[in-house]
Structures are given as C-alpha cells and as structure tokens.
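Here the structure comes first, spelled out in structure tokens, and everything after it is commentary.
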2 protein chains.
Amino acid sequence: MPPARHDRHSVVTTALRLLDEVGLPDLSMRRLATELDVQPSALYWHFASKQELLAAVADSILRTVPEPDARIALPEVARSIRDALLACRDGAEVVLSTYALRLGARRAQDALLAALGGGDQPAADALFEFILGHTMLLQQRMHAQSIGAVAPDDADPTPDAEAVFTAGVDGFAELSARRRPS
Amino acid sequence: MPPARHDRHSVVTTALRLLDEVGLPDLSMRRLATELDVQPSALYWHFASKQELLAAVADSILRTVPEPDARIALPEVARSIRDALLACRDGAEVVLSTYALRLGARRAQDALLAALGGGDQPAADALFEFILGHTMLLQQRMHAQSIGAVAPDDADPTPDAEAVFTAGVDGFAELSARRRPS
DNA sequence: ACCTGAACACCGTTCAAGT
DNA sequence: ACCTGAACACCGTTCAAGT
C-alpha cells in the first residue's frame with residue numbers, strides 16, 4: 001500500500017476535528033500524523049512548523065464570521081465571532097496564540113470595524129480583544145469544570161457568561177455612540 | 001555537598017525570573033530544576049503539577065495590583081493590572097491559562113469591581129477579560145516582532161496599543177456611568 | 001510532489017529509595 | 001521534610017533517502 005496523500009487543506013481539516021476531540025494540549029504533530037496515516041515528518045512537507053499549522057487552524061475556526069458589512073449590527077457581529085470560537089474546543093486559545101500571523105483574525109476585525117461605522121479602529125481592536133479574552137476564559141472554566149478541578153465557590157460558568165458578554169459589547173456600543181453621535 | 005533546599009516560595013521566585021528570561025515555551029520543569037540545582041522530580045514535592053506551579057506564578061505576577069479601594073479611579077486600576085502583566089514576559093498568557101484555579105485574579109477582579117462603584121459584577125468581569133485579551137495579544141505581537149516573524153503590513157505595535165487600551169477602558173467607564181447615573 | 005525511516009534533543013510525571 | 005536516580009511514555013524537528 002502506498003503512503004497516504006494529503007495537501008494543506010486536508011491536514012487542516014483533520015487537525016480541526018482532532019482539536020475538537022482531544023483539546024489543544026493533546027493535539028501533537030505525532031498524534032495528528034497517526035490520524036492521517038502518515039509519519040510525523042510528512043507534516044513538515046505541508047507546514048514549516050506546528051505554529052504555522054495552528055495559524056491555519058485558527059483561520060479555519062474563524063471561517064464562519066461574515067464578510068465586513070456595515071448593515072450588520074455590532075452585537076450580531078460580536079456574537080458570530082464568539083460563536084465561531086466556541087464551536088471548537090480551545091478555539092479562543094488557538095486564535096489568541098497564533099494571532100501574530102493574523103489570517104482570519106484580520107477579517108473578524110474588519111467585520112467589527114464595519115459594524116462600528118468604519119472609523120474607529122481602536123474601538124474595533126479593543127472589542128476583538130475583549131471577545132478573545134472573554135471566550136478563552138470561558139473555555140478555560142468549561143474545561144476545568146469538566147474535569148472537576150474547579151474552585152469550590154464557583155457555580156456553572158455558562159449562564160453568567162452571557163451577562164458578562166452583553167456587558168462588554170454594550171460598553172463598546174456606548175463608546176461608539178458617544179464618539180460618533182448620529 | 002547535600003542537595004539544595006527549597007520551599008514553594010523560592011521555587012516560584014526562580015520560576016518567575018526564568019519565565020521573564022526565556023519565555024513560557026522554554027519554561028520547562030527540567031530547566032527550572034537545573035536553575036534550582038535540583039533534580040526535576042524534586043519540584044513535585046512542592047507542587048502537584050506544572051499547572052499548579054504556573055498558577056502560583058500567575059498569582060505572583062498580579063501581586064502588585066492594589067487592594068480593592070473605591071477611591072481609586074477605574075482607569076488607574078485597569079492600568080495597574082495591565083502593567084503587572086506587562087512587567088513579566090508572557091505574563092498575560094500565564095494568567096489566562098491558569099485562570100480556572102483563580103488566586104490573584106480574584107483580587108484583580110475585586111479591585112475593578114470596587115473602582116466601578118461596587119455593584120456591577122458583569123462589567124468588572126468584562127473589563128478584566130478585555131485587559132487580559134488585550135495584553136496577551138500585545139505581548140504576542142511584541143514577541144513576533146522581536147524574532148522578525150511579523151506580518152509585513154504591520155508597524156511597531158506598541159504605540160497604537162495605548163490608543164486601543166484607552167478605547168477599551170473608556171468603553172467600560174461609559175457603560176458604568178450610564179448604568180449608575182450619579 | 002509527497003512520504004519514509006531514523007535520529008537528535010528534548011518534554012512532564014511517577015516512585016522507590018536515600019538523608 | 002526534601003531530595004536523588006531511574007524509568008515511562010511521550011514531544012517538535014531535521015534530513016537523507018525513497019517513489
């Protein structure tokens with residue numbers, strides 16, 4: 001039997017599925033290679049490093065956020081980014097840790113900028129940073145709870161998270177309204 | 001010569017210094033043990049896992065944020081948290097990734113809550129999440145730039161970061177003012 | 001063009017045993 | 001109370017060689 005044949009796209013697709021199954025700490029190049037019926041070294045034909053592979057995975061995670069469109073309301077755009085991150089285990093951490101080589105993150109930021117009216121780049125960036133921080137912390141708590149290693153005074157984090165997210169998005173909507181009075 | 005003797009405090013102090021020198025990806029239990037003139041297994045007398053050690057380091061990173069005090073203005077508290085994170089290489093990532101076992105993070109959140117007037121827990125949490133996301137992204141870009149692996153259309157990230165941080169803090173100050181009209 | 005096979009220099013963690 | 005020594009089951013990455 002000849003060895004399996006892959007391209008960047010098939011590797012990323014499998015990596016994304018494996019990430020969702022096992023989480024970021026267990027997503028190793030060796031385990032991914034096994035999943036692809038290939039030797040670990042074969043992955044380095046498609047990607048120069050694990051970091052580069054994870055950046056492509058991050059891009060894929062954000063693929064569902066809409067194109068920049070000023071007609072979409074700010075909270076809706078913010079929610080679509082959060083939901084894209086939540087759709088994959090450790091999604092926020094992957095995007096945060098590969099942000100320096102931004103691919104899909106750029107489009108997410110542009111979508112926020114458009115929803116803010118187009119002029120306030122610092123506000124768009126700050127809102128994106130809030131969404132990432134919020135979602136990473138939420139996924140962190142979700143995982144801690146799933147393995148039972150949770151601080152004793154904490155209840156289920158998911159319900160309160162909605163109030164916190166709304167508070168954050170409202171803060172930026174307020175800011176935007178004051179800076180650009182209609 | 002008898003083996004070196006340590007306690008939790010001395011281990012954390014050395015870990016914090018080593019983190020600042022080499023960064024989170026190179027902060028291994030083995031390297032830390034070498035720095036302490038001890039075998040790697042000795043660290044497991046003081047900490048049950050690397051995760052638990054990093055949580056103690058995170059606590060130490062946030063040790064400089066002031067006690068909760070309603071007389072301190074919100075931007076000042078926000079800035080003291082950001083500066084505490086920036087004072088150590090990869091500080092934001094360490095705090096974010098060990099947040100589930102929150103130690104020092106709790107006090108930072110309480111300081112924000114007090115500065116907001118005491119009543120708006122969701123707003124305090126959201127602001128803390130913004131500060132963490134913002135600072136992790138900033139440190140990410142700082143590191144990418146230091147090794148020259150930066151997106152070609154990006155200039156030095158540090159100056160703009162101040163505008164983005166101010167935009168974020170202003171957003172929450174606005175929110176707080178509207179919710180609790182004086 | 002894409003993969004194998006073997007190697008290099010590492011990891012976190014456990015556990016019996018030492019002092 | 002705190003550490004050693006040895007082991008277990010892993011890592012990411014490189015590179016000559018295969019097809």
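So that the names make sense, note that chain A is the first sequence line, chain B the second, and so on, each numbered from 1.
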For atom [atom1] of [X] and atom [atom2] of [N], their distance in whole Å:
X: B:Phe47; N: C:dT13; atom1: CZ; atom2: C1'; answer: 16 Å
X: A:Asp26; N: C:dC11; atom1: CG; atom2: C1'; answer: 14 Å
X: A:Asp37; N: C:dG5; atom1: CG; atom2: P; answer: 13 Å
X: B:Leu27; N: C:dC10; atom1: CG; atom2: C1'; answer: 15 Å
X: A:Leu54; N: D:dG12; atom1: CG; atom2: C1'; answer: 12 Å
X: A:Gln39; N: D:dG18; atom1: CD; atom2: C1'; answer: 13 Å
X: B:Leu43; N: D:dC2; atom1: CG; atom2: C1'; answer: 12 Å
X: B:Lys50; N: C:dG12; atom1: NZ; atom2: P; answer: 4 Å

Measure the shortest side-chain to side-chain distance between [X] and [Y] over non-hydrogen atoms and say whether it is less than 4.5 angstrom.
X: B:Leu96; Y: A:Gln140; answer: no
X: A:Leu19; Y: A:Ile61; answer: yes
X: B:Arg63; Y: B:Leu16; answer: yes
X: B:Leu36; Y: B:Leu43; answer: yes
X: B:Arg30; Y: B:Thr34; answer: no
X: A:Thr98; Y: A:Val57; answer: no

D:dG12 base to A:Ser49 side chain: any donor-acceptor pair below 3.5 Å?
no

Between the side-chain atoms of A:Ser28 and the base atoms of D:dG12, is any donor-acceptor pair under 3.5 Å?
no

Phosphate contact (C:dA1 OP1 or OP2) by A:His46 side-chain N/O below 4.0 Å
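Negative; the distance criterion is not met.
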
Which parts of residues 5-18 of chain B get close to DNA chain D, meaning a heavy atom less than 4.0 angstrom away?
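Residues of residues 5-18 of chain B under 4.0 Å from DNA chain D: B:Arg5, B:His6.
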
Between A:Ser41 and B:Pro40, who's closer to the 5' end of DNA chain C by nearest nucleotide?
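By nearest-heavy-atom nucleotide position, the 5'-most residue is A:Ser41.
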
Considering only side-chain heavy atoms of A:Trp45, which listed nucleotide, C:dC15, C:dC3, D:dA1, is closest?
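Out of C:dC15, C:dC3, D:dA1, the nucleotide with an atom closest to A:Trp45's side chain is C:dC3.
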
Nearest of D:dG5, C:dA7, D:dA7 to any side-chain atom of B:Arg30?
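Ranking D:dG5, C:dA7, D:dA7 by closest atom to the B:Arg30 side chain puts D:dA7 first.
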
With both pairing distances under 3.5 angstrom for Watson-Crick or G-U wobble, and | for a partner in another strand, the correct string for DNA chain D is ||.|||||...|||||.||

Run the salt-bridge test on A:Arg89 and A:Glu21 with the 4.0 Å N-O cut-off and return the result as yes or no.
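Salt bridge between A:Arg89 and A:Glu21, a charged N being under 4.0 Å from a carboxylate O: no.
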
Ring-plane angle category for B:Phe172 and A:Phe130, please: parallel below 30°, perpendicular beyond 60°, tilted otherwise.
perpendicular

Where do A:Ile81 and A:Leu132 land on the side-chain contact (heavy atoms from CB on, under 4.5 Å) test, with the steps shown first?
CA-CA 9 Å; A:Ile81 295 171; A:Leu132 283 172; over 6 Å; no

